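Worksheet: the structure to be examined is printed underneath.
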Number of protein chains: 2
Amino acid sequence: MPKIGMEPLRRKALIDATISAIGERGTLDVTMSEIAGRAGVSAALAHHYFGAKEDLLQATMRYLLSELNADCRTALKLGTTPRARVSAVISVNFSEKQFRPETIAAWLAFYVEAQKSPALRRLLKVYARRLHSNLMSGLSALLPRSEAERVAETTAALIDGLYIRRALKDGVPDATTAAALIEDYLETKLADAKAG
Amino acid sequence: MPKIGMEPLRRKALIDATISAIGERGTLDVTMSEIAGRAGVSAALAHHYFGAKEDLLQATMRYLLSELNADCRTALKLGTTPRARVSAVISVNFSEKQFRPETIAAWLAFYVEAQKSPALRRLLKVYARRLHSNLMSGLSALLPRSEAERVAETTAALIDGLYIRRALKDGVPDATTAAALIEDYLETKLADAKAG
DNA sequence: GTTTTTATTGATTGATGGCTCAATTAAAAA
DNA sequence: TTTTTAATTGAGCCATCAATCAATAAAAAC
């Protein structure tokens with residue numbers, strides 16, 4: 001069956017399978033066989049293309065990170081005013097594509113795994129830095145520096161917190177409600193600053 | 001060596017060992033031997049007292065939950081005004097005892113495991129409900145119901161979010177800074193409500 | 001002093017799962 | 001046509017662990 005040029009297709013399929021497997025199980029404790037099975041190939045092939053399991057997990061996380069980043073860049077381009085740019089960053093995090101149970105479960109699982117794995121921790125730091133600077137790109141024009149920093153910090157924590165709560169899917173905040181909570185916070189904060 | 005009455009001592013020691021093991025590794029992926037070793041006993045004894053590993057993990061989580069709850073009750077008793085009661089709940093979550101790397105790592109790990117284990121999920125729901133009602137016990141006197149609900153929701157998410165960020169210990173928010181962020185949010189929100 | 005009960009462990013079992021490897025297929029290159 | 005090379009896998013090795021069990025030791029009960 002070997003058609004040539006399978007590698008990129010298989011890699012993508014395996015990464016997708018990894019996300020959906022993690023999403024369903026809710027843990028990184030998924031076997032290579034499970035993942036490979038979902039991708040329609042053997043476990044041996046997964047090892048062939050990715051080496052160790054950890055490499056596949058890293059690749060998966062890098063993929064999630066790059067998707068989020070791409071969405072962010074697109075959204076930021078559309079936002080003309082500083083205020084709009086802040087909202088853009090937030091809305092990306094709660095978009096259909098990002099705020100899905102699978103994706104969220106994967107993020108959460110990676111957060112935990114990052115404590116063991118320096119490589120994953122490095123990736124998460126990249127994410128945190130990017131989020132912060134994306135938020136600041138709008139906020140620094142709206143608030144004095146130290147206040148802007150604080151609001152960015154709080155917003156970032158809120159995003160993480162709402163993700164976690166969504167993962168437990170107690171029926172709690174859906175995407176729009178979650179985003180609305182953050183917008184509400186921002187509005188209050190900005191109005192307060194203007195009033196002095 | 002068998003002195004009688006060892007059971008409660010061993011159970012406590014094993015639970016403590018579980019927390020510290022999880023805290024150090026950052027995962028629930030700790031072996032029974034590792035835990036037992038830290039408690040100064042054999043793996044067999046851990047099984048003797050707790051049965052399966054999952055039972056030990058559940059007991060550990062129940063312990064964390066009960067400690068947090070006890071601290072909360074104490075703090076709530078001291079708060080006389082509604083406003084003070086809200087602050088009390090927050091400060092407990094960021095107290096020396098609760099906001100420690102080990103404890104936080106354990107919480108985070110349990111959040112993830114809860115996706116697999118219905119028993120753990122049930123326990124986390126108890127926690128979420130308690131936190132919510134503890135917050136509401138102060139907030140409902142300060143804000144109209146729906147607004148109070150929203151603020152409680154946001155505060156809870158903020159706590160979770162700050163916990164997660166602490167777990168990655170990028171040097172980010174220490175306990176006091178974290179608590180201050182939430183207090184700042186509350187102040188703005190309450191002032192806004194009074195003015196608005 | 002014998003028996004029962006509690007505390008405790010080393011050794012073992014059984015299962016799981018990551019990873020390797022030799023073997024197969026068929027496309028592409030020579 | 002022959003040879004090389006990419007794609008692919010089943011079978012199996014090996015390590016890790018959770019869980020069990022039979023055996024030991026000493027306190028308590030009788």
Side-chain angles (χ1 to χ4, degrees), chain A residues 1-22 24-61 109-110 112-113 115-120, chain B residues 1-22 24-61 109-110 112-113 115-120:
Chain A
M1 306 148 187
K3 275 178 198 161
I4 207 173
M6 282 290 104
E7 178 157 358
L9 301 181
R10 295 308 190 196
R11 290 188 100 96
K12 179 65 163 65
L14 282 164
I15 287 177
D16 286 346
T18 304
I19 295 173
S20 90
I22 293 175
E24 207 161 288
R25 286 256 189 297
T27 319
L28 294 195
D29 274 336
V30 281
T31 69
M32 289 296 272
S33 308
E34 162 81 12
I35 294 171
R38 279 168 187 262
V41 298
S42 74
L45 194 69
H47 281 286
H48 174 64
Y49 283 130
F50 282 97
K53 184 183 178 183
E54 207 191 315
D55 298 323
L56 172 55
L57 294 180
Q58 271 178 45
T60 302
M61 188 162 170
F110 279 125
V112 169
E113 192 71 5
Q115 314 232 353
K116 278 199 253 177
S117 158
L120 288 185
Chain B
M1 305 152 187
K3 275 178 197 162
I4 208 173
M6 283 289 101
E7 179 156 358
L9 301 181
R10 295 306 191 197
R11 290 187 102 95
K12 178 65 163 66
L14 282 165
I15 287 178
D16 286 345
T18 304
I19 295 173
S20 89
I22 293 174
E24 207 162 287
R25 286 256 191 297
T27 318
L28 293 196
D29 274 336
V30 280
T31 69
M32 288 298 269
S33 308
E34 162 81 12
I35 294 171
R38 278 168 188 263
V41 298
S42 74
L45 195 69
H47 280 287
H48 174 65
Y49 283 129
F50 283 97
K53 184 183 179 183
E54 207 189 316
D55 298 323
L56 173 55
L57 294 180
Q58 270 178 46
T60 301
M61 187 160 172
F110 279 125
V112 170
E113 191 71 4
Q115 314 232 351
K116 277 198 253 178
S117 158
L120 288 185

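Numbered from 1 within each chain, the chains take letters A, B, ... in sequence-line order. Owing to the predicted nature of the structure, the values given are computational and were not obtained by experimental measurement.
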A:Asp55: side chain to side chain donor-acceptor pair (under 3.5 Å) partners, not counting sequence neighbours: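 Checked A:Asp55 against side chain to side chain donor-acceptor pair (under 3.5 Å); zero matches.
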
Using salt bridge (Lys or Arg N to Asp or Glu O under 4.0 Å) as the criterion, list what pairs up with B:Glu7, not counting sequence neighbours.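 Counting only residues at least two positions away or on another chain, B:Glu7 forms a salt bridge (Lys or Arg N to Asp or Glu O under 4.0 Å) with B:Arg11.
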
Is the phosphate of C:dT6, meaning OP1 or OP2, less than 4.0 Å from a side-chain N or O of B:Arg10?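 For C:dT6, OP1/OP2 do not have a side-chain N/O of B:Arg10 under 4.0 Å.
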
Give the minimum heavy-atom separation between A:Ile15 and A:Leu56, together with the two atoms involved.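 Taking A:Ile15 first and A:Leu56 second, the nearest heavy atoms are CG1-CD1, 4.4 Å.
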
Could you tell me which non-hydrogen atom of A:Lys53 sits nearest to which non-hydrogen atom of A:Val30, and how far apart they are?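 For A:Lys53 and A:Val30, the tightest heavy-atom pair comes out as NZ-O, 2.8 Å.
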
In residues 41-51 of chain B, what donor-acceptor pairs under 3.5 Å come from side-chain atoms, sequence neighbours left out?
residue, atom, partner, partner atom, Å
B:Ser42, OG, B:Ala44, N, 3.4
B:Ser42, OG, B:Leu45, N, 3.3
B:His47, ND1, B:Gly51, O, 2.9

Euclidean distance, atom [atom1] of residue [X] to atom [atom2] of [N] [Å, nearest integer]:
X       : N      : atom1 : atom2 : answer
A:Met6  : C:dA26 : CE    : C1'   : 13 Å
A:Leu45 : C:dT20 : CG    : C1'   : 14 Å
A:Glu34 : C:dG17 : CD    : C1'   : 13 Å
B:Asp29 : C:dG18 : CG    : C1'   : 14 Å
B:Glu7  : C:dT5  : CD    : C1'   : 13 Å

CE of B:Met32 to CD1 of B:Ile35: how many Å apart, nearest 0.5 Å?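 Taking CE in B:Met32 and CD1 in B:Ile35, the distance rounds to 6.0 Å.
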
When rounded to the nearest 0.5 angstrom, what distance separates OG1 in B:Thr60 from CZ in B:Phe110?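 Atom-to-atom, B:Thr60:OG1 and B:Phe110:CZ are 5.5 Å apart.
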
Looking for any heavy atom pair under 4.0 Å, which part of the strands does A:Tyr49 touch: base, sugar-phosphate only, or nothing?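 A:Tyr49: backbone/sugar contact only, no base atoms under 4.0 Å.
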
Kindly state each residue pair satisfying salt bridge (charged side-chain N to carboxylate O under 4.0 Å, His left out) with at least one member in residues 27-38 of chain A, sequence neighbours excluded.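 Salt bridge (charged side-chain N to carboxylate O under 4.0 Å, His left out) check on residues 27-38 of chain A returns A:Glu24-A:Arg38, A:Arg25-A:Glu34, A:Asp29-B:Lys116, A:Glu34-A:Arg38.
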
So how far off straight is the helix from C:dG1-D:dC30 to C:dA30-D:dT1, going by the axes through five pairs at either end, to 10°?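 Terminal axis comparison yields 10°.
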
Atom pairs, N/O to N/O, protein against nucleotides 18-21 of chain D, distance under 3.5 Å?
residue, atom, partner, partner atom, Å
D:dA18, OP1, B:Lys53, NZ, 2.9
D:dA18, OP2, B:Met32, N, 2.9
D:dA19, OP2, B:Lys53, N, 2.7

Output the single nucleotide from C:dA28, D:dT9, C:dT8 whose closest atom is nearest the side chain of A:Ser42.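 For A:Ser42, the side-chain atoms sit closest to D:dT9.
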
